[in-house]
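Reading through the structure tokens given below for one structure.
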2 protein chains.
Amino acid sequence: MQLELSLESLKRPGGRSARVRDAVLQATLAELAERGYGGMTVEGVAARSGVHKTTVYRRWRSVEGLIADALEMAREEPWPIPDTGSVREDLRGVVALVRTGFADPSAGPVASAFVAAAMQSADAAVALREFLTARHRQAAVVVRRAVERGELPSGIDAQEVIRVAVAPVYYRLFVTHEPVSAQDMERAADAALAAARTGVLQAAPHDDHDDMSQEPPG
Amino acid sequence: MQLELSLESLKRPGGRSARVRDAVLQATLAELAERGYGGMTVEGVAARSGVHKTTVYRRWRSVEGLIADALEMAREEPWPIPDTGSVREDLRGVVALVRTGFADPSAGPVASAFVAAAMQSADAAVALREFLTARHRQAAVVVRRAVERGELPSGIDAQEVIRVAVAPVYYRLFVTHEPVSAQDMERAADAALAAARTGVLQAAPHDDHDDMSQEPPG
DNA sequence: CTCCAATCGCAACTACTGTAGCTTTAAGCT
DNA sequence: AGCTTAAAGCTACAGTAGTTGCGATTGGAG
């Protein structure tokens with residue numbers, strides 16, 4: 001019971017449980033894509049997957065649980081980080097990747113649901129945090145390459161540059177709900193770059209522990 | 001029927017409808033503060049306000065409707081924009097205002113609920129957008145004063161500087177759910193300032209109409 | 001003072017979400 | 001193959017969110 005989590009991946013890929021999980025998670029993605037987060041329901045997922053609703057309730061507990069699990073799966077797939085030879089273009093490319101990820105008619109609703117679910121459930125929140133941490137790590141290459149090329153000063157906090165670059169896009173998409181123009185994206189990327197150049201985003205000894213994370217209930 | 005919205009404020013402040021609205025909205029804030037967005041319910045608000053639940057459903061339709069209306073009320077109250085004589089400190093102050101607005105034990109849950117509700121309902125989304133637009137306008141003085149002082153180049157998009165400054169905080173609070181340290185805030189403010197200095201955030205002729213707002217359902 | 005229109009209160013009802021108790025199935029082991 | 005046990009299926013039900021139709025109240029106009 002204690003080791004189950006780490007053993008999960010060792011179980012037979014064709015076992016009944018695995019089959020059920022697969023069916024349910026795929027149904028989750030499908031439901032999210034066509035009904036959105038607000039329209040998705042546990043019973044809907046159960047019906048579509050052919051799995052009984054009590055089973056879904058038992059294993060995933062709620063819509064947010066389903067989304068958290070789906071999010072864990074999604075962490076696997078890689079990201080086509082750009083490599084143009086110029087930080088400016090690379091950063092703009094990363095920001096554009098983010099936007100299109102939410103703009104795409106099929107993937108967009110799913111991605112948005114992840115963000116919405118993370119605001120309602122602590123489990124979904126950690127799943128999303130881990131997902132995005134992985135993405136930050138991946139995208140940080142863009143900055144490190146720039147340092148090697150001499151485009152940026154060394155000692156920079158690469159992931160923080162990424163965060164500053166994408167933050168305005170997320171802010172517009174999920175907080176102010178303003179439209180995000182191509183120019184907005186360019187300005188966000190270029191602003192992060194300018195900040196990086198002036199040394200504001202240097203990596204610092206993390207002596208500061210003034211925590212203030214936003215805890216969702218449940 | 002067509003003019004009702006604009007006439008709303010002209011109605012007697014002590015009329016029955018006004019009394020009901022007041023009681024309900026106050027109950028909404030109270031419920032949000034102690035139960036949070038996820039725990040708030042229309043019936044709870046009705047019970048606390050002493051107004052029948054049918055009435056609440058009829059006038060506000062849902063929890064999100066209640067929040068949207070409460071948000072409209074909240075737009076009134078002013079914001080203690082700092083004026084230290086230095087853009088750097090002023091910007092940092094604005095960012096700190098944002099953080100504490102969500103950190104405060106009584107106001108925090110309410111403010112967070114506004115953001116969460118805007119993700120679920122289109123009405124709440126426009127209410128929040130208008131609210132934040134007002135705040136951006138207020139905070140922009142900080143930048144304009146800096147331009148007058150010669151600290152920043154003229155022709156700058158003052159509100160965009162504010163957006164870039166606060167975006168990383170919102171990103172951490174509501175997207176990645178990472179802790180927000182004092183250093184994180186300083187870096188966000190300083191990054192926006194650096195970008196502003198290098199002229200990346202100049203106001204531009206808005207020829208770009210590549211819209212991509214995030215539409216919530218309902 | 002009387003009447004009109006709008007709004008609110010009320011009770012009953014529908015539909016749906018999530019749970020409980022029990023039975024059945026199948027994966028893995030010897 | 002036969003046995004054990006964890007997990008899935010099923011029925012029934014409890015609780016709650018949201019609706020409807022109608023009667024009562026209120027505020028304002030003539």
Side-chain angles (χ1 to χ4, degrees), chain A residues 1-28 31 35 37-69 117 120-121 123 217-218, chain B residues 1-28 31-32 35-69 117 120-121 123 217-218:
Chain A
M1 260 311 177
Q2 192 76 322
L3 297 176
E4 251 188 42
L5 215 82
S6 49
L7 289 176
E8 187 89 16
S9 47
L10 297 177
K11 284 185 178 172
R12 286 269 181 75
R16 180 156 81 156
S17 294
R19 244 180 358 251
V20 165
R21 188 178 116 114
D22 250 37
V24 168
L25 291 190
Q26 194 153 340
T28 298
E31 287 282 300
R35 299 204 206 289
Y37 175 66
M40 173 179 158
T41 165
V42 174
E43 305 218 20
V45 171
R48 182 190 282 254
S49 65
V51 171
H52 202 88
K53 75 166 182 170
T54 39
T55 300
V56 180
Y57 274 115
R58 271 197 285 254
R59 283 189 60 175
W60 288 275
R61 177 113 194 130
S62 68
V63 206
E64 286 75 26
L66 285 165
I67 293 180
D69 203 7
Q120 308 286 348
S121 125
D123 289 347
Chain B
M1 260 313 176
Q2 193 76 321
L3 296 176
E4 251 188 41
L5 213 83
S6 50
L7 289 175
E8 186 91 14
S9 48
L10 297 177
K11 283 185 179 173
R12 288 271 181 73
R16 180 159 80 158
S17 294
R19 246 184 350 256
V20 165
R21 187 178 117 114
D22 249 38
V24 168
L25 291 190
Q26 195 153 340
T28 298
E31 286 283 300
L32 275 182
R35 300 203 204 288
Y37 175 66
M40 173 178 158
T41 165
V42 174
E43 304 217 25
V45 171
R48 182 190 282 254
S49 65
V51 170
H52 201 88
K53 76 166 181 170
T54 318
T55 300
V56 180
Y57 273 115
R58 271 198 283 253
R59 283 189 61 174
W60 286 275
R61 176 123 191 123
S62 68
V63 207
E64 286 74 26
L66 284 165
I67 294 180
D69 202 7
Q120 308 285 349
S121 127
D123 288 348

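In what follows, chains are A, B, ... by sequence order, proteins preceding strands, each numbered from 1. The analysis underlying the following values was restricted to heavy atoms, covering all of them including side chains, and did not include hydrogens, waters or symmetry mates.
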Quiz item: Nearest of dC8(C), dG18(C), dC22(C) to any side-chain atom of Arg58(A)?
Solution: dC22(C)
Quiz item: To the nearest angstrom, how far is Glu43(A) atom CD from dT17(C) atom P?
Solution: 5 Å
Exercise. Compare side-chain N and O positions of His52(B) against OP1 and OP2 of dC10(C) and report whether any pair is under 4.0 Å apart.
Key: yes
Quiz item: What nucleotide among dT17(C), dA8(D), dC8(C) has an atom nearest to a side-chain atom of Val20(B)?
Solution: dC8(C)
Quiz item: Quick one: do the Glu43(B) and Tyr57(B) side chains pair a donor with an acceptor below 3.5 Å?
Solution: no
Quiz item: How long is the line joining CG of Leu66(A) and C1' of dG18(C), in whole Å?
Solution: 14 Å
Quiz prompt | Among dA11(C), dT19(D), dT17(C), the one nearest Tyr57(B) by side-chain distance | solution = dT19(D)
Practice problem: Apply the side-chain contact (heavy atoms from CB on, under 4.5 Å) test between Val56(A) and each candidate in Leu66(A), Val20(A), Thr28(A), Val63(A); give the one that qualifies. | Solution: Leu66(A)
Self-check item: Residue Lys53(B), side-chain atoms from C-beta onward, closest of dG9(C), dT19(D), dA12(D)
Solution: dT19(D)
Quiz prompt | Selected nucleotide, minimal atom distance to Thr54(A) side chain, candidates dA11(C), dT17(C), dA20(C) | solution = dA20(C)
Quiz item: Given that Ser62(A) and Val56(B) both sit by DNA chain C, which one's nearest nucleotide is further toward the 5' end?
Solution: Val56(B)
Quiz item: When you check the phosphate oxygens OP1 and OP2 of dA8(D), does a side-chain N or O of Ser17(A) lie under 4.0 Å from one of them?
Solution: yes
Quiz item: Is it the case that more than 12 heavy atoms not belonging to Arg61(A) sit under 6.0 Å from its CZ atom?
Solution: no
Quiz item: Which of these nucleotides, dA27(C), dT7(C), dG9(D), is closest to any side-chain atom of Arg19(A)?
Solution: dA27(C)
Practice problem: Could you state the atom-to-atom distance from CH2 of Trp60(B) to P of dT19(D) in whole Å? | Solution: 15 Å
Quiz item: Is it true that Asp69(B) and Arg21(B) have a side-chain N and a carboxylate O under 4.0 angstrom from each other?
Solution: yes
Quiz item: Whole Å only: how far is the CZ atom of Arg61(B) from the C1' atom of dT20(D)?
Solution: 14 Å
